[in-house]
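Computed over heavy atoms, backbone and side chain alike; hydrogens, waters and symmetry mates excluded.
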Amino acid sequence: MRSIRAAAVGAVTMSLALAASACGGGSSTGGGSNDSPKTLTYWASNQGASIAVDKKVLQPELDKFEEQTGIKVKLEVVPWSDLLNRILTATTSGQGPDVLNIGNTWSASLQATGALLPWDAKNFDKIGGKDRFVDSALGSTGAQGKDPAAVPLYSMAYALYYNKKLFADAGIAKPPATWDELIADGKKLSKGGKWGLGAEGSNPSENIHHTFVFAKQHGADFFTADGKPDFTSDGAVAAVKQYVDLMAKDKIIAPGNAEYAQNQSVSDFAKGKNAMLLWQSASSNLKSQGMSDDAYGIAPMPVQSGTPGTGTNVNSMVAGINMAVFKNTHNLDGATKFVKFMTGDAEQKILNTAYSTIPPVKTAQADAAFNTPANAVLKDTLAKSAVALPQVADESQFETAIGTAVKELFADAAAGRAVTTASVKAKLEKAQQQMPKK
């Protein structure tokens, strides 16, 4: 998923509560019905370069759905900075949309609230069957052993985007395959007001995505096998330090990136200010900002050594967007029809093309439109070297706690304060203390 996400597991402000209740398609009665068969409310996540872009992409498809079914869909595109707060408020009040997009990493956390419709075999049959979806996407739909809390809508993976001209000017013949190579290249590229790499240092979700991958590459995880937080292992500490050191020690990320949280690193890359970008499915965003497809290359995310794969050579989390239905919707049949429509082959091709994402539906993914060189990297990563973030009930709290700790470490680096193994471990200890007590 992209952009800011902030978990609001504790108290949510009254303004957010009022905003959520004003948009509702559900009620606080706790059960779904078909009392409003002609209308649906839909909270879409901000996938494009702006909310206006998303409305331009989505509204014609919603009009098409209305023509086919007679059901009018009221669309609201919610910024990532607000989306989880809004959803959590709705799960508490019982007054939310009928259908909504969720970041796939939130699936287990939102599943634990009991507010979302479980996608059991019967419900999957209504949309064509569970086996239509690729395994990697299904792996981020809820806790293992439980019926999924959502259905995959868009799939994404991280890749390394690099500016071809800047690489050529620096005498670099090919993109880096390991972190040592990336650092060496980054130092050659960090000159004349330009920097080797961009980052979103104030974006907790970007921070957690990258440190999760680094942790895997160090043979570590942030949770034990039975789901308990394990933030201070040697591997986890080394992972966080390695990521922050790209600014603090290696100095290939501009100190100002410590304040980035709104896709500024993508804009900097599009403008040629940074030579490399670690991002998920960035092509449509770059194009909207005037960067031509032939101006950059796409390569797999680096690993410590060797080539990407499973185990310690994981190089991406399984990124993506899932589609969920509030269990207490007033149009249960219509909501199911809408999910079927949005995950149908035709719409999957239209929507995933618009957002430069990969369809999580097998037949749509096989379409020639998704066999470009850029998509080949993303598809290969999803199939062979990406792993889902922990599907645990406390996942959203984990993202906030660790993501904020990394944000604070980037702030230290930008201010010239030392980022040491001890200081990293202290931040992670504090983050672990913030997790819910079992």
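The list of salt bridge (Lys or Arg N to Asp or Glu O under 4.0 Å) pairs with a residue in residues 252-262, not counting sequence neighbours, is empty. Sequence neighbours left out, the pairs with a member in residues 170-179 that pass side-chain hydrogen bond (donor to acceptor under 3.5 Å, both in side chains) are Trp179-Gln217. Sorted by first and then second residue, the ring pair (Phe, Tyr, Trp, His ring centres under 6.0 Å) pairs with a member in residues 45-75 read Phe65-Phe338, Phe65-Phe341; sequence neighbours excluded. Annotation: ring pair (Phe, Tyr, Trp, His ring centres under 6.0 Å) contacts involving residues 372-397, sequence neighbours excluded, are absent. Among residue pairs with one or both ends in residues 407-417, those qualifying as salt bridge (Lys or Arg N to Asp or Glu O under 4.0 Å) are Glu408-Lys427, Asp412-Arg417; sequence neighbours excluded. Within the structure, no pair that satisfies the side-chain hydrogen bond (donor to acceptor under 3.5 Å, both in side chains) test touches residues 141-157, not counting sequence neighbours. Here side-chain hydrogen bond (donor to acceptor under 3.5 Å, both in side chains) pairs that include residues 127-136, with residues two or more places apart or in two chains, are Arg132-Asp345.
With sequence neighbours excluded, the residues that form a salt bridge (Lys or Arg N to Asp or Glu O under 4.0 Å) with Lys384 are Asp380. The side chain to side chain donor-acceptor pair (under 3.5 Å) search around Glu61 returns Lys64, not counting sequence neighbours. Among residues two or more places apart in sequence or in another chain, the side chain to side chain donor-acceptor pair (under 3.5 Å) test is passed with Asp120 by Asn123.
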For residues 266-274, which side-chain donor-acceptor pairs fall under 3.5 Å, sequence neighbours excluded?
from	atom 1	to	atom 2	distance (Å)
Ser267	OG	Gln289	OE1	2.7
Asp268	OD2	Tyr260	OH	2.7

Side-chain atoms of residues 229-239: list all donor-acceptor pairs with protein atoms under 3.5 Å, sequence neighbours left out, distances to 0.1 Å.
from	atom 1	to	atom 2	distance (Å)
Ser233	OG	Ala236	N	3.2

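By the neighbour-count criterion of 12 heavy atoms within 6.0 Å, atom NZ of Lys56 is sparsely surrounded, having that number or fewer from other residues, nucleotides or ligands.
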